[in-house]
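For this chain, numbers begin at 1 and follow the sequence in order. When a ligand or atom number is given, it counts from 1 through the structure's own listing order. Predicted, not measured: the structure shown is a model, and the values here were computed from it.
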Amino acid sequence: MTKADAPIAKTAEPKRTPEGPQSSQWADRYDRVHMQVFGRPGRVMDHGRGAWIWDLDGNRYLDMMAGIAVNALGYAHPAWNKALTEQAGKMAHISNFFASQPQIELAERLLDLAQAPEGSRVFFANSGTEANEAAIKLARLHGARMGGHPGRILALTHSFHGRSMGSLSLTWKPAIREPFQPLVPGMGFLPAEDGDAIEEAFAQAETSGEPVAAVILELIQGEAGVLPLNPDYVRQVRELCSRHGALMILDEVQTGMGRTGHWFAFQDHSLSGGACPDVLTFAKGVAGGFPMGGMITFGPGPSGLLTPGMHGSTFGGNPLGSALALTTLETIQREGLLERARQMGERLRAGLTDCGNPLYNEVRGRGLLDAVQLSAPCAGDLASWALDHGVIVNAVAPDALRLAPPLIIQADQIDLAVDILSKAPVSLGKGLRQDGQ
Ligand SMILES: *Cc1c(COP(=O)(O)O)cnc(C)c1O
């Protein structure tokens, strides 16, 4: 829908906020002591407020990435800060030999928000990959119960489920998976959205005696570039899993907790086709910036598989994280942030679709989990141009930008981000920078 020949608006150029000396010096120090897995940091940051963050040189950035879809309430939200200091003043950590009120209330709240049936359960961990490790262990137990064989766990092409060895085995991108072979056996990939392929996988499992224990999928493949699955396909996966007794595991690590304008993406029928999971994993946004993840099992079947001693976590569900998650969820509710995510997402997608910059081919997403498909593989250069001009976006693929701002973002901030991004020089798409960089 790009108006390819429309001129780029010639209003005031966005102000540049280049990397200053403080940020640069600290980034050099970072480089000398950190393992080289993330590359040089874009900036060294100092503090944030709402959807804004400042670097060490006092430059201000509008954060359209929110710490990779984590900072649901933005930076330094008063309710979050209050919960942090109150709970830290009481007790931060107690181990799972004990329980706390915030943890119990949080589990109750999550089951309620997920509309989980009687007999459903929650397990708390500290990250997305750990949440998926729990789901993998559960799937192993389920497979063994199905017929003496642990069975196979299937993921989709372009999936991302994490980087620990189990979830990495279900993460598709060869460049991040293959250096670590041998990986966990009994796992495989299905071509995403290929109905015949999954029919065949189940049929083969019947004849080989190695059942499909579980299928794991993301309703919007986030790390692949914010690619929503076809709801008809999702419904087909659900039906096949039900018919063959396999678990359907939804990885809602990125899509959960209001990000798509619903508490969970599966509650949006345009994504799930009405399918409900047997197991759901969550993390990223749940505690508004405190590391937390976990797993919800739906109904008594999957909920009874893990028994005492079979799994655990030292930190999982600790009172501090639980209090912050409770506050995050309460604030999303109180401030109407699901509705806001839907409205602001629409505004963002419409703004970028209509801005007339020929670099932007297509805009997609739900709520505030969105991406711009670029007409050239210049996402990295475009993201650093945007950073220099005061907007944080994420080059999620060589030819796609991900936009996942905090759910508290305001309409004028969306408009500002669109305005700045609309002015990205077309020369970026030709590998040329026109701004002297
Ligand atoms: C980010 C992500 C993970 C991994 O989460 P970590 O907290 O980085 O371990 C897993 N699955 C999905 C869908 C994600 O987006």
Is any side-chain N of the basic residue among Asp232 and Arg235 closer than 4.0 Å to the acidic one's carboxylate O? yes
Tell me which part of Lys284 gets within contact of ligand 1: side chain, backbone, both or neither, using heavy atoms under 4.0 Å. side chain
Donor-acceptor contact below 3.5 Å, side chain Asp57 vs main chain Ser23: yes
So that I can tick it off, tell me whether Arg243 and Glu239 are bridged by a salt bridge, with the cut-off set at under 4.0 angstrom between side-chain N and carboxylate O. no
Reference residue Leu170; test side-chain contact (heavy atoms from CB on, under 4.5 Å); the match among Ile136, Ile249, Asp251: Ile136
Looking at Asp278 and Arg238, is any side-chain nitrogen of the basic one under 4.0 Å from a carboxylate oxygen of the acidic one? yes
Per-atom contacts, ligand 1 versus Thr129 - under 4.0 Å to a heavy atom: 4 (C), 5 (O), 6 (P), 9 (O)
Output, in order, the C-alpha distance, side-chain angles, deciding distance and verdict of side chain to side chain contact (heavy atoms under 4.5 Å, CB included) for Leu73 and Glu335. CA-CA 10 Å; Leu73 306 183; Glu335 297 188 1; 5.6 Å; no
Nearest-contact summary for atom 5 (O) of ligand 1 - protein heavy atom, Å: Gly128 CA, 3.2 Å
Using a 4.0 Å heavy-atom cut-off, which part of Ala283 comes near ligand 1: side chain, backbone, both, or neither? neither
Would you mind listing which atoms of ligand 1 come within a distance below 4.0 Å of any non-hydrogen atom of Asp251? 10 (C), 11 (N), 12 (C), 13 (C)
Please determine if Asp370 and Arg259 form a salt bridge, counting it only when a charged side-chain N lies under 4.0 Å from a carboxylate O. no
So is there a nitrogen or oxygen of Phe160 less than 3.5 Å from a nitrogen or oxygen in ligand 1? yes
Could any protein non-hydrogen atom be found less than 4.0 Å from atom 8 (O) of ligand 1? no
Relative to the heavy atoms of Glu218, which atoms of ligand 1 are at a distance of less than 4.0 Å? 13 (C)
Going by the atom numbers of ligand 1, which of them fall below 4.0 Å from some non-hydrogen atom of Asn132? 10 (C), 11 (N)
Do any nitrogen or oxygen atoms of Gln254 come within less than 3.5 Å of a nitrogen or oxygen of ligand 1? yes
